[in-house]
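Worksheet: one structure, shown below.
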Amino acid sequence: MGRRRSSLAVHSGLLLAAVLLLLAVGDALAQTPKRGGVLRIADREAPNLDPHLSVSFLTHSWSSMVYSQLVRFPHGAEQKHPADFAIVPDLAEKWEYKNPTTIVFTLRKGVKFHNKPPVNGREVTADDVKYSVDRFMAKSGFRSRLEPVQAVEVVDRHTVRMTLKEPYAPLLNHLANANYVAILPREVEEKLKDFNRPEAMIGTGPFMVKAYQKGVKIEFERNPDYYVKDLPYLDGVVIEIAPDSTARLSLLRAGKVDLGHMWGYLVPEEAKSLKQTNPEIVMNPTLTIGQGMIYMRTDQPPFNDVRVRRAVALAIDRKAWNDSLLYGEGCIDAGPVPCAMKDWKLETSKLDPAKAKYLVGYDPAEAKRLLAEAGHRNGLTVPMFHWPGYAPPWRTYFDLTADNLGKIGINVEFKPEEYGKYISTTYLGKYEKMAVGPITPFSEIDDWLYSAFYPEQPNNRSHVADAELNKMLVAQRRELDPKKRLAIVHDIQRYLADKAYYVYLPHSPQYISHAPQVKGFKHHDGFALGYRLMFTWLDK
């Protein structure tokens with residue numbers, strides 16, 4: 001029976017891919033895309049060019065222009081909505097589960113690396129896949145995502161077999177997520193010593209690196225040998241390096257760039273200001289995947305007491321934040337599953353109201369009572385670690401956090417940190433008492449649950465250790481049946497509602513904004529800039 005299901009899954013996957021391709025073609029014909037032109041973007045500089053060595057979203061965005069993966073998410077006309085994480089073929093034209101712990105990938109034939117030395121346009125083979133996956137598992141800061149992979153074997157020139165230690169539902173999502181497991185050519189590392197240089201960025205993706213002036217700009221040009229016929233439409237893409245968000249907005253306002261952010265992001269405050277001066281700018285308010293949270297050392301007093309955590313949860317006036325800072329357009333019900341992940345999220349209206357209040361409620365009187373009951377009648381003082389450089393509305397969020405907590409008797413002492421220290425310590429749970437900030441927009445539900453709550457995980461910032469919860473966290477990642485997995489994920493959300501291991505803050509929408517001549521640019525959560533721009537064209 002299992003073999004029959006896996007065969008059906010293969011045929012269903014191929015049928016879905018064919019339908020998506022037809023939709024993409026139909027949409028392209030309807031819009032009559034124009035070929036040529038160079039798209040200009042203003043954004044920050046990637047700290048490293050090696051997609052396996054850096055965990056930076058900037059690195060992954062740049063590298064997605066150049067590299068392909070085994071599988072990917074749908075983009076452009078293929079996608080149903082911005083958080084569409086269906087799996088479609090990329091370098092692997094098909095895949096099949098032989099059993100719950102063995103998956104076989106069949107590669108496309110004739111796909112070529114960029115025609116640059118030392119690779120010189122040779123065909124991608126199963127050896128490249130094994131080399132790349134093994135390298136990722138040995139070196140990446142995200143290697144825990146493939147921890148269940150026991151072995152990667154070359155069956156023949158175009159076939160790869162992965163063997164898992166146990167069933168692992170998140171596998172395909174992690175392989176599709178740009179650009180964690182980029183497929184790299186081995187000879188680049190052998191001859192150039194590393195991938196952290198522009199001449200080493202050689203992949204099979206839609207664009208190639210043309211030139212890179214550190215601190216100034218990076219230029220990409222169309223890959224003439226890209227395996228998807230007639231794509232991309234653009235001749236090239238230039239990313240002008242502008243570290244400051246105000247400077248990027250000024251470049252967009254002056255018409256010097258087509259996008260003021262690689263994903264077109266503007267927060268509501270910026271978008272409304274820009275619309276006044278540049279009414280021609282195209283804007284689409286979009287609820288993107290993401291979270292902001294207060295995280296607490298639940299393994300240390302006072303936050304090992306659920307009453308103190310619940311007091312923190314009830315102290316935050318989420319509705320007032322949303323109304324005053326986000327023009328009423330944000331999402332209050334922001335955790336533990338992000339608002340935009342509608343396929344997984346259990347709305348608070350479906351939770352026990354007595355528990356749901358700790359996710360969305362505001363009750364400072366009850367918060368004070370809980371603190372007093374926990375032995376803090378006279379209040380308490382705690383440090384709060386953070387990075388002050390986050391864009392609006394975060395600067396105000398920090399102040400409001402201190403204000404709201406102060407009203408119930410928790411005095412916050414801010415501990416601002418330099419970004420390098422913050423991202424390598426506090427962000428990974430290495431802090432004292434309390435911290436606050438936004439979280440990376442992961443595309444796999446396992447990252448929002450298992451990674452955030454299971455002991456010893458680097459993203460378990462609150463140091464949660466809950467034996468009953470652990471059983472459910474493991475069960476959902478081992479369940480390959482989507483409906484059964486969803487039921488477990490809903491049970492996890494019911495269980496977590498009143499635990500207040502994290503306190504979730506209102507999530508701001510992003511206004512996906514670009515110059516009017518930019519066509520076919522559809523937002524998709526994640527860092528796959530290259531796939532997004534594959535379908536983008538300029539009407540000028």
May I ask you to check whether over 12 heavy atoms, not counting those of Glu190, lie within 6.0 Å of atom CD?
-> yes
Kindly write out the residues that satisfy side chain to side chain contact (heavy atoms under 4.5 Å, CB included) with Pro301, not counting sequence neighbours, or none if the list is empty.
-> Asn304
How about Thr101 and Asn99: does a side-chain donor come under 3.5 Å of a side-chain acceptor?
-> yes
Applying ring-ring contact (aromatic ring centres under 6.0 Å, His included), name anything that partners Phe442, two or more places apart in sequence or on another chain.
-> Trp448
Please name all residues satisfying side chain to side chain donor-acceptor pair (under 3.5 Å) with Arg145, sequence neighbours left out, ordered by chain then number.
-> Asp447
Sequence neighbours left out, what passes side chain to side chain contact (heavy atoms under 4.5 Å, CB included) with Asp481? Give chain and number order.
-> Glu479, Lys483, Lys484
Compare all side-chain heavy atoms of Thr426 with those of Trp387 and state whether any distance is below 4.5 angstrom.
-> no
Run the salt-bridge test on Lys139 and Glu189 with the 4.0 Å N-O cut-off and return the result as yes or no.
-> yes
Evaluate whether atom NZ of Lys112 has more than 12 neighbouring non-hydrogen atoms of other residues, nucleotides or ligands under 6.0 angstrom away.
-> no
Do Val188 and Pro118 come within less than 4.5 Å of each other through their side chains, counting heavy atoms only?
-> yes
If we only count heavy atoms from C-beta on, is the Ile239 to Phe220 side-chain gap below 4.5 Å?
-> yes
Sequence neighbours left out, what passes salt bridge (charged side-chain N to carboxylate O under 4.0 Å, His left out) with Arg157? Give chain and number order.
-> Glu123
Sequence neighbours excluded, the answer for ring-ring contact (aromatic ring centres under 6.0 Å, His included) partners of Tyr431 is Tyr295
Set of residues satisfying ring-ring contact (aromatic ring centres under 6.0 Å, His included) with respect to His158, sequence neighbours excluded = none
Residues that Lys421 engages under side chain to side chain donor-acceptor pair (under 3.5 Å), provided they are two or more places apart | Glu417
Determine whether Val237 and Ile41 make a side-chain contact, defined as any pair of heavy atoms from C-beta on separated by less than 4.5 Å.
-> yes
Residues forming a side chain to side chain donor-acceptor pair (under 3.5 Å) with Asp43, sequence neighbours excluded = none
With Tyr531, the ring pair (Phe, Tyr, Trp, His ring centres under 6.0 Å) member among His60, His75, His524 = His75
With a 3.5 Å cut-off and sequence neighbours excluded, list the donor-acceptor pairs that the side chains of residues 335-360 form with protein atoms.
from: Lys345; atom 1: NZ; to: Asp333; atom 2: O; distance (Å): 3.2
from: Lys345; atom 1: NZ; to: Val337; atom 2: O; distance (Å): 2.7
from: Asp352; atom 1: OD1; to: Ala354; atom 2: N; distance (Å): 3.0

Got a sec, which residues hit side chain to side chain contact (heavy atoms under 4.5 Å, CB included) with Ser132, two or more places apart in sequence or on another chain?
-> His52, Ile183, Leu184
Of all heavy-atom pairs linking Lys116 and Val209, the shortest is NZ-O, 2.6 Å
Sequence neighbours left out, what passes side chain to side chain donor-acceptor pair (under 3.5 Å) with Thr106? Give chain and number order.
-> none
Would Asp127 and Lys130 pass as an ion pair if we require N to O under 4.0 Å?
-> no
Evaluate the side-chain proximity of Phe85 to Pro74: yes if any heavy-atom separation is below 4.5 Å, no if none is.
-> no
Test item: Val503 and Arg309 side chains (from C-beta on) under 4.5 Å apart, heavy atoms | no
Does the ring of Tyr502 carry Arg461 above it, NZ/CZ under 6.0 angstrom from centre and within 45° of its axis?
-> no
